[in-house]
Amino acid sequence: IKYLKDTETLGVSEQTLQQVKKVKPAIHDYVNSAQMIINLSLQGQMERALSKLPQFQKVFDDLAKELEELGESIQKEATVTQEQGESFSR
């Protein structure tokens, strides 16, 4: 989560910043879901913990999709920036 906060100071595009803001709730859902399963397990409530796994998997899948989109956006932005830098150096 710290790294997502850092993106706000890196000079990335507004579109990328909006995608970062969009993905934050999914990250929080993922972390909270994992913490719930861990806590239930530590309390010896294995059946309840295991019953949470399908929802955890859905949260994970949603997060993976959003992070993939964010990664693609950042990669495109990096490529454009690199190309601009190369054109200035010629």
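Under the side-chain hydrogen bond (donor to acceptor under 3.5 Å, both in side chains) criterion, Asp62 pairs with Lys58, sequence neighbours left out. Gln15 is linked by a side-chain contact (heavy atoms from CB on, under 4.5 Å) to Ser13, Gln19, Ser73, counting only residues two or more places apart in sequence or in another chain.
Closest of all the heavy-atom pairs between Leu70 and Val23 is CD2-CG1, 4.1 Å. Contact detail for Lys52 and Met36: the closest heavy-atom pair is CE-SD, 3.7 Å.
Looking at Gln55 and Val59, their side chains come closer than 4.5 Å, going by heavy atoms from C-beta outward.
Placement of Leu63 and Leu53 within a single hydrophobic cluster is found when ILVMFWY residues are connected by side-chain heavy-atom separations under 4.5 Å, directly or transitively.
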Cut-off 3.5 Å, no hydrogens considered: what does the side-chain donor-acceptor table look like for residues 38-50, sequence neighbours left out?
unit_1: Asn39; atom_1: ND2; unit_2: Gln35; atom_2: O; d: 3.2
unit_1: Ser41; atom_1: OG; unit_2: Ile37; atom_2: O; d: 2.9
unit_1: Gln43; atom_1: OE1; unit_2: Gln45; atom_2: NE2; d: 3.0
unit_1: Gln45; atom_1: OE1; unit_2: Arg48; atom_2: NH1; d: 2.8

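Looking at Ser33, its side chain never comes within 3.5 Å of a backbone N or O of Asp29 through a donor-acceptor pair.
Rounded to the nearest 0.5 Å, atoms CD (Glu69) and CD (Glu66) are 7.0 Å apart.
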Verify side chain to side chain contact (heavy atoms under 4.5 Å, CB included) between Asp61 and Lys65, making sure each step is shown before the conclusion. CA-CA 6 Å; Asp61 292 342; Lys65 180 181 176 190; over 6 Å; no
